[in-house]
Number of protein chains: 2
Amino acid sequence: MLTIGQLADYAGVTTKAIRHYHERGLLAEPDRDSAGYRRYTAEHAVKLVKIRTLAHAGVPLARVKDLLDADPDTLTAAIAEIDHDLQDRMAQLRRTRDQLAQLRGGDRLFVSAEVADHLDDLRTFGVSERQRLLERDGWILMHTASPEDALLWITEKRELMTDPEFRALYLEYDAAYDWSPDDPRLPALADRTRKWFTDHHSRSETGPVDNPTIARLAAQSQPGAASPAWDRLARLMNG
Amino acid sequence: MLTIGQLADYAGVTTKAIRHYHERGLLAEPDRDSAGYRRYTAEHAVKLVKIRTLAHAGVPLARVKDLLDADPDTLTAAIAEIDHDLQDRMAQLRRTRDQLAQLRGGDRLFVSAEVADHLDDLRTFGVSERQRLLERDGWILMHTASPEDALLWITEKRELMTDPEFRALYLEYDAAYDWSPDDPRLPALADRTRKWFTDHHSRSETGPVDNPTIARLAAQSQPGAASPAWDRLARLMNG
DNA sequence: CTTGACCTTGCCCCAGGGGCAAGGTTCGAC
DNA sequence: GTCGAACCTTGCCCCTGGGGCAAGGTCAAG
């Protein structure tokens with residue numbers, strides 16, 4: 001006859017857990033000795049090991065209780081299901097590990113693969129970090145509005161970025177961020193941009209892509225980070 | 001600017017969780033719009049994804065809070081440690097799966113490997129199920145008293161079982177369980193048993209093995225399952 | 001006969017949210 | 001222009017699976 005501590009050691013659980021199982025009705029309360037101590041039999045040990053195994057597998061105690069006196073077929077089916085669940089959880093852990101590894105890396109964790117590739121491209125093109133952040137945040141906002149549209153747009157934008165002239169315009173926009181709003185280069189940049197868009201917009205077949213300009217994207221994502229030069233550019237383009 | 005629901009969808013958490021993170025100080029409360037709704041920026045989204053990733057990895061929220069503004073070295077070290085923990089948990093899940101698979105099998109989950117082998121042997125020898133259960137429970141009780149001694153005893157017992165004469169005695173004890181206490185075969189069985197023990201006890205070198213007889217084992221493990229014939233045998237042996 | 005290791009009940013506490021109440025708001029459809 | 005659905009707000013209580021601690025009673029060894 002075992003005390004609660006011996007039983008706990010045998011099954012690899014705490015005495016507290018055993019009392020908890022008593023309260024939940026999973027394990028029958030054993031007889032008490034003259035001092036009021038619980039005295040357990042080997043059968044309690046066997047049942048407790050079953051409970052421990054199921055509980056460790058993440059089965060809710062209420063369900064453990066049902067399973068303990070289920071017929072063998074039900075039990076077999078339940079075990080198969082629980083095992084499935086365990087496999088799922090291992091797969092989930094694997095995914096979490098992957099994500100964790102990316103936590104101290106780039107932006108892949110925060111944006112879609114396409115956007116992440118785009119951001120990588122921007123870096124190789126020599127785009128400023130500020131601009132990269134602005135883009136990242138812009139794409140995040142787009143994605144929340146409509147993941148499908150965001151996918152369409154990023155796909156188109158990446159194709160645009162293959163055009164050397166578009167890249168040159170993009171880089172000049174990036175540089176223009178810090179210019180004075182009176183900088184004489186701004187009207188010329190606006191002209192070239194307008195020209196480029198009129199030249200290429202006809203070629204674009206994906207109709208509804210009323211492509212948000214870089215400036216609007218940035219303004220939307222970081223209200224406080226507005227650039228006077230970009231504001232001027234926006235006025236020049238619309239006016 | 002995102003509502004709480006949009007942010008929640010983007011990060012793959014519930015709105016409730018986001019509010020929870022606000023309460024815990026993990027995520028800064030954003031500005032409210034004119035209706036009092038929270039309005040989030042892309043930076044909130046980025047931070048929330050970090051929080052989600054760490055929280056999913058099982059990091060306590062209090063620690064997540066610390067990690068969010070830790071320096072890169074600390075973060076790297078912490079991530080390595082968390083990843084280690086994740087691997088441990090995967091290994092644990094694997095072990096749990098193995099144990100789960102044994103739940104609908106034999107007794108391997110409840111007793112040591114040696115005892116389990118012994119119980120398997122008993123089955124091949126044609127020992128009754130009742131007797132096997134009695135043995136199993138006896139070994140469980142022994143194990144709780146002293147795992148080391150239990151290992152010594154089971155090793156010795158398994159060696160004894162290689163002796164055909166011992167096996168024959170064992171099987172007759174098993175059969176005798178149901179006999180009448182007046183059965184004339186009982187004194188003869190007691191004699192043969194006593195003779196066997198005096199013949200072999202001298203050969204036994206593991207001194208302190210004052211081998212508990214089968215009857216005592218059984219009586220200890222299942223007080224209610226006592227057999228009058230076995231009681232008689234015990235008296236014949238001691239008297 | 002004391003000391004340390006047990007055991008007893010009872011109560012409160014934790015993470016990480018879920019559920020529901022009792023409203024106010026916004027948006028698209030008709 | 002108004003209606004309903006789907007949002008949002010705060011607040012409170014609830015859950016699992018125990019852990020921790022208090023305030024005792026008990027047992028075995030030196």
Practice item. Starting from C1' on C/dG18, measure out to CD1 on B/I18 and report it in whole angstrom. Key: 15 Å
Atom pairs under 3.5 Å, N or O on each side, protein against nucleotides 14-17 of chain D: can you list them with distances?
residue	atom	partner	partner atom	Å
D/dG17	OP2	A/L61	N	2.9

Review point. Looking at residues at least two apart in the chain, or sitting in another chain, which of them share a salt bridge (Lys or Arg N to Asp or Glu O under 4.0 Å) with B/D9?
Key: none
**Study point:** Side-chain N or O of B/T14 closer than 4.0 Å to phosphate OP1/OP2 of C/dG17
**Key:** no
Practice item. Dump the intermediate steps for side chain to side chain contact (heavy atoms under 4.5 Å, CB included) on A/I51 and A/V13, then the final yes or no. Key: CA-CA 10 Å; A/I51 294 170; A/V13 300; over 6 Å; no
Check your understanding: Got a sec, which residues hit salt bridge (Lys or Arg N to Asp or Glu O under 4.0 Å) with B/E129, two or more places apart in sequence or on another chain?
Key -> B/R123, B/R132
Exercise for review: Sort and list the pairs that fulfil ring pair (Phe, Tyr, Trp, His ring centres under 6.0 Å) and have at least one residue in residues 44-69 of chain A, not counting sequence neighbours.
Suggested key: A/Y40-A/H44
Could you list, one pair per line, each protein nitrogen or oxygen that sits under 3.5 Å from a nitrogen or oxygen of nucleotides 10-12 of chain D, together with the distance?
residue	atom	partner	partner atom	Å
D/dT10	OP1	B/R32	NH1	3.3
D/dT10	OP1	B/R32	NH2	3.1
D/dT10	OP2	B/R38	NH1	3.1
D/dT10	OP2	B/R38	NH2	3.0

Revision key, fill the gap. Sorted by chain and residue number, the ring pair (Phe, Tyr, Trp, His ring centres under 6.0 Å) partners of A/Y10 (sequence neighbours excluded) come out as B/H143
Point to revise | Minimum heavy-atom distance between B/V64 and B/A55, given as atom pair plus value | key: CG2-N, 4.3 Å
Exercise for review: Not counting sequence neighbours, which residues clear salt bridge (Lys or Arg N to Asp or Glu O under 4.0 Å) with A/D33? List them please.
Suggested key: A/R39
Check your understanding: How would nucleotides 23-30 of chain D be written as a contact map, 5' to 3', with B for base contact, S for sugar-phosphate-only contact and - for no contact, using protein heavy atoms under 4.0 Å?
Key -> --BBS---
Review point. Do any pairs count as a side chain to side chain donor-acceptor pair (under 3.5 Å) and have a residue in residues 60-74 of chain B, sequence neighbours left out, and if so which ones?
Key: B/R63-B/E81, B/D71-B/T74
Exercise for review: Mind listing the residues from residues 47-56 of chain A sitting with a heavy atom below 4.0 Å of DNA chain D? Number order is fine.
Suggested key: none
Check your understanding: For A/L27 and A/I18, what are the C-alpha separation, side-chain angles and deciding distance, and is it a side chain to side chain contact (heavy atoms under 4.5 Å, CB included)?
Key -> CA-CA 8 Å; A/L27 189 63; A/I18 294 177; 4.1 Å; yes
Exercise for review: Measure the shortest side-chain to side-chain distance between A/L109 and A/L103 over non-hydrogen atoms and say whether it is less than 4.5 angstrom.
Suggested key: yes
Check your understanding: When you measure from the side chain of B/R89 to the backbone N and O of B/A57, does any donor-acceptor pair fall under 3.5 Å?
Key -> yes
Check your understanding: A/I4 has an atom CD1; how far is it from atom P of D/dG18, in whole Å?
Key -> 14 Å
Check your understanding: When the distance from CG of B/L7 to P of D/dC7 is rounded to whole Å, what number comes out?
Key -> 15 Å
**Study point:** Residues that B/D120 engages under salt bridge (Lys or Arg N to Asp or Glu O under 4.0 Å), provided they are two or more places apart
**Key:** B/R108
Check your understanding: Rounded to the Å, how far apart are B/E23 CD and C/dG18 C1'?
Key -> 13 Å
Exercise for review: Give a yes/no answer on whether the side chain of B/T3 brings an N or O atom under 4.0 Å of OP1 or OP2 in D/dC7.
Suggested key: no
Review point. With sequence neighbours excluded, what pairs up with A/R24 under the side chain to side chain donor-acceptor pair (under 3.5 Å) test?
Key: none
